[in-house]
Amino acid sequence: MEELSKRYVPGEIEDTWYKHWMNAGYFRSTPDEREPFTILIPPPNVTGQLHMGHILNNTIQDTLIRRARQEGKNACWVPGMDHASIATEAKVVALLREQGIKKSDLTREEFLAHAWAWKEKYGGIIFNQLQKLGASCDWERSAFTMDEIRSDAVISIFVDLHKKGRLYRGKRMVNWDPSAQTVLSNEEVIYEEEKAILFKVKYKVVGTKDQWITIATTRPETILGDTAIAVHPDDKRYTALQGKKVQVPLIEREIPIIADSYVDIEFGTGALKVTPAHDINDYEIGKRHALEVIDVLNPDGTMSPAAQLFVGLDRDKARKKMVAALEEAGYLVGTEDLIHNVGRSERTRVIVEPRLSLQWFVDTKALADPALVAVMENEIEFYPENLKNTYRHWMTNIRDWCISRQLWWGHQIPAWYLKNESSKALSTDADEPVFVAHTALEALEEAKKITGRTDLTLADLQQDEDVLDTWFSSWLWPISVFNGFRDKKELDYYYPSNVLVTGWDIIFLWVARMIMAGYEWKGEKPFQSVYFTGMVRDQQRRKMSKQLGNSPDALGLIEQFGADGVRYGIMASAPAGGDILFDEKLCELGRNFCNKVWNALRLVTSWEVDTRLAHDEGRALAIRWIKSRMAEVDTQLRSDYKQFRLSEGITTLYSFVWNDFCSIFLEVIKPTYGEASDQKSYEATQEVFEDICKLLHPYMPFITEEIWHKLRDRTAGDDCMIALLPNHLGSADKDVTGLFNHVLDVKTSVLELRNQHQLSPKEVMYLVYPSDPELIKLWNTPGAKFVLKKLANAECNEGEGTGVSFLAGKYQYYAALSISVDKEAEIKKMEEEITYYEGFVKSVDKKLGNEKFVANAHPDVVEKERQKKADGLLKIEQLKKSIAQLN
RNA sequence: GGGUGAUUAGCUCAGUUGGUUCAGAGCGCUGCCUUGACAGGGCAGAGGUCAGCAGUCCGAGCCUGCUAUCACCCACCA
């Protein structure tokens, strides 16, 4: 037998087994006659590096997929990557800037060449990292949202939606990211409360000598774009001013005072400056009153020529200058502190600017209907269920989805326009004819048909320069990963997938939209269940982020604690939906657990087997007991998996392995020191250990595989990973459990006595038992060396010490201690116990005396109460006997 | 403003159909142990009025209502 190290050392073992599994093709799935079990990875960003969120998310998926494999299903976990339009483009732009290259100096093609080169170099790092974690993805199926198949799907769907009339191009107030210089969807804007200053500025009423109206604003720089002042129609303070004109400070443009019920009389001064170009509400007011729209900002957030002042200055700087100028000229009449919500770009974190622009939208209303019903009627199950409410709220108030992005990295919108002769720029006219088609040639045909101009050539057409929102490719993922828009063969087998594992933060961005797409193009739900994970936070409940530096180095953790240790750490704290307060300490626990199991292996493999040895009764009982416990654990696990209670599952296993298997079973079953094991005990131990490996494998794949192979010699292909789950576990054996628990009681009592009397564990203790649970004789307790003597009472022979009694279960025992014991104290202690049990019996009696209880409660419950009473009385009786004997 | 969830030991949290020692686990803490698989270990112990109030019930940590505090989501805020 080879010598095993004292501690489990994960590093090499993990690499070896991962390679072994890969080479054996265990991760690979192709359709066959078995029942499929499918999971699609939420594709990480191509720019992504493994972080705690990924570890959480992918450990869950791997656990589920490995369990399914053990259940004999055709398990298929499809990996993939997301091109992450805005995030990736930002990274590439930054990288180019470092090299002294400006994006604006590049053509689209040049830029994309850089981007692809970058993708080839850095993309997919995360795949290797996932492999370190043990992810059993079918890597041959790896998909990328911008590869040929997936791109084709995106373009086809855009064309299809256009054909169905569910797409439109319109000029709308949108969320503008001045840093990335693109529009964002509502879901990509994060609102947070921030401190601001509310400036009060007075405007002079035209035609008066010294009459003013004061407004309140947090954005004084937009004053330059004001085209009206609005007051509430019922606001008496301003009735006289309605219809008059005022002068915009500093630039003296004349604008009207209008009445609009949008204005809140209570807020600020009750007078609102209206800047239709820079505020969604102002824009609406502007439309109602046919106000002019003056856009004082450039797309990059600097002041535009229309502002007249501070042109070219960034909006922040312009604000400071504006305030100074207003103050100097005497227009600023006061300031106030204010806390208000500020929208920031999810990706670039800059403040989002409301901006009027021409964009593509999906009319989502019709898509939402079946998707809403599916979830509300549990056609698709949400875990935790309460997210259904959130989902319903969003779905019933769904707004159109802005899908165009002013970026280059992504799927270019398959829409063509006639080239504008006068300028290179595309028209900003929403009514301009547009030709949507899969290719430029098809678009040309379309253009000829629509315009009637047969002389048109490709040169007359220009493709839309924008790309599509990343989520526009993500929402097709459940279908596109199987090339399902072109070829139904695999799709029909694997679709719908069994479970989607993702964070609740993208329930709208992604989950809802996949459901919509699933029903629209496959006519069926995309997945059976959704397991929403919580966010991984630190001990102070802060989100993990690079800026805070509170995000542990994921790979470092794996190195430090082993993949299994990290998997344990994250799974032990990951109930569905709830946030996870991650602590490295949990990984340490996982590592310690590995070590515990490893040492159990060391113990078992160190045994010699002697076939001549008899299999004794005590060990036979222990085997019955551990199998009974195993059956209970198995039942529990099945139910945990069914309900996605994965953290409960690992906790159950942890406790079973550590307490039941190691602390109790192995202690009983192991050969007496210096002796060998009997054959039956040894084989049973191997069997139980193997079953433990199988049950633990989905959570901790590496160590279980290693132990599987160390436990006995295996033929090729006999691997834990593909071993089918045991189905011979049977059910719990109550008789055996009761007996064993009693033995444990005695053991605990003896140890307690030792502790109490400060006796050395080496000291021999004589134990006297009243009835004859013979099995206690067989109890092999390290550190609690006691010799059993069957005596009628607490008499002790010369040299055996003083008799002390204790209760274990319902039996009274006597221990002979080598030291003298204070009799009075012993009696007092027992009297206290009697008092306790008398009170206990009294309360049970009260219950049993209650007619309504006896009449209404389940007979079982009543019977149990009666039993409790009988036990209590018995204990009192025995205690009294003991006292009498001591006296 | 609309909604969701939470409140149980010093900390993080389980507690599934209301009913057995149901008041639990892990960590932390205290004491003892160089045990023959494991000090990354073992044994034992202390710690809680289950947020509060009221109700339903024979019986409430669990069900109902209200209150308090906290967290998050959606919408909106000059």
Side-chain angles (χ1 to χ4, degrees), chain A residues 4 6-8 186 191 196 198-200 215-219 222 230 262-264 267-275 279-282 338-341 384 386-390 392-394 397 504-505 507-508 535 539 541 561 565 572-573 575 577-581 583 585-586 588-589 591-607 639-640 643 645 647-648 651 654-655 662-663 666-667 670 672-674 747-748 751-756 758-762 781-785 840 847 850-858 860-865 867-868:
Chain A
L4 297 180
K6 208 168 167 183
R7 289 180 177 175
Y8 172 63
N186 294 323
Y191 289 92
L198 188 62
F199 299 93
K200 296 191 176 168
I215 58 89
T217 181
T218 55
R219 303 205 54 192
T222 64
Y262 167 78
V263 180
D264 179 356
F267 191 92
T269 61
L272 169 72
K273 71 186 222 37
V274 183
T275 322
D279 184 281
I280 178 76
N281 295 302
D282 290 12
L338 179 78
I339 291 177
H340 69 155
N341 272 347
N386 58 28
L387 280 165
K388 278 166 72 177
N389 285 321
T390 311
R392 182 187 53 211
H393 183 259
W394 191 76
N397 296 289
W504 49 256
D505 54 331
I507 184 170
F508 308 133
M535 300 292 105
Q539 289 300 93
R541 292 192 181 276
F561 300 110
S573 59
D579 281 358
I580 289 151
L581 271 55
D583 190 344
K585 205 137 213 174
L586 288 165
E588 201 180 318
L589 283 182
R591 180 201 59 184
N592 293 354
F593 183 43
C594 288
N595 207 46
K596 187 75 184 175
V597 185
W598 181 252
N599 275 289
L601 174 74
R602 281 184 69 205
L603 175 66
V604 174
T605 52
S606 73
W607 296 346
S639 137
D640 287 342
Q643 298 169 73
R645 295 159 64 102
S647 61
E648 279 82 355
T651 307
Y654 179 91
S655 151
C662 292
S663 297
L666 289 180
E667 291 298 346
K670 76 178 177 189
T672 314
Y673 184 60
K747 180 192 168 194
T748 304
L751 293 174
E752 202 180 330
L753 266 183
R754 281 186 193 285
N755 264 318
Q756 201 183 324
Q758 304 272 302
L759 292 176
S760 158
K762 282 175 185 156
T781 313
K785 289 179 187 161
F840 176 72
K847 224 177 190 180
N850 186 331
E851 283 172 31
K852 286 186 175 175
F853 170 71
V854 180
N856 294 336
H858 279 284
D860 290 356
V861 175
V862 179
E863 184 45 44
K864 275 168 193 162
E865 290 298 317
Q867 194 58 49
K868 267 158 77 178

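Just so you know, these numbers use all the heavy atoms, side chains as well, and skip hydrogens, waters and symmetry mates. Residue numbers begin at 1 in each chain, while the letters A, B, ... track the order of the sequences.
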My understanding is that a pair needs two contacts under 3.5 Å, Watson-Crick or G-U wobble. By that rule, which nucleotide pairs with B/A78? none
Using both distances under 3.5 Å as the test, list the Watson-Crick or G-U wobble partner of B/A68, or none.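 Base partner found: B/U7.
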Nearest-angstrom distance, P atom, B/G61 to B/U7: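 It works out to 15 Å between them.
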Touch class at under 4.0 angstrom, heavy-atom based, for [X] against every strand present:
X: A/C594; answer: nothing
X: A/L198; answer: sugar-phosphate
X: A/N389; answer: sugar-phosphate
X: A/D279; answer: sugar-phosphate
X: A/L581; answer: sugar-phosphate

Ring pair (Phe, Tyr, Trp, His ring centres under 6.0 Å) involving A/F593 - partner list, sequence neighbours excluded: A/Y568, A/Y654
Under 4.0 Å: is that the gap between some side-chain N or O of [X] and OP1 or OP2 of [N]?
X: A/R645; N: B/G15; value: yes
X: A/K388; N: B/U4; value: no
X: A/K670; N: B/A37; value: yes
X: A/R591; N: B/G40; value: no
X: A/N856; N: B/C58; value: yes
X: A/K6; N: B/A39; value: yes

RNA chain B nearest-nucleotide lookup for A/N186 and A/V263: closer to the 5′ end is A/N186
If you only use heavy atoms from C-beta on, which nucleotide in [options] is closest to the side chain of [X]?
X: A/A857; options: B/C74, B/G41, B/C58; answer: B/C58
X: A/N386; options: B/U4, B/A78, B/A37; answer: B/U4
X: A/L603; options: B/G19, B/A37, B/C76; answer: B/A37
X: A/K868; options: B/U20, B/A78, B/G19; answer: B/U20

Kindly determine whether A/E588 and A/K585 satisfy salt bridge (Lys or Arg N to Asp or Glu O under 4.0 Å), including the steps that lead there. CA-CA 5 Å; A/E588 201 180 318; A/K585 205 137 213 174; 5.5 Å; no
For B/A25, does the base pair up with any side-chain atom of A/E648 as donor and acceptor (N or O, under 3.5 Å, distance only)?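 Check fails, no donor-acceptor contact within cut-off.
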Check: A/D279 side chain, A/T275 main-chain N or O, donor-acceptor pair, under 3.5 Å: no
With sequence neighbours left out, write down each residue that passes side chain to side chain donor-acceptor pair (under 3.5 Å) with A/N186, or none if nothing qualifies. A/N175
I need the A/T390 OG1 to A/I507 CD1 distance, nearest 0.5 Å. 5.5 Å
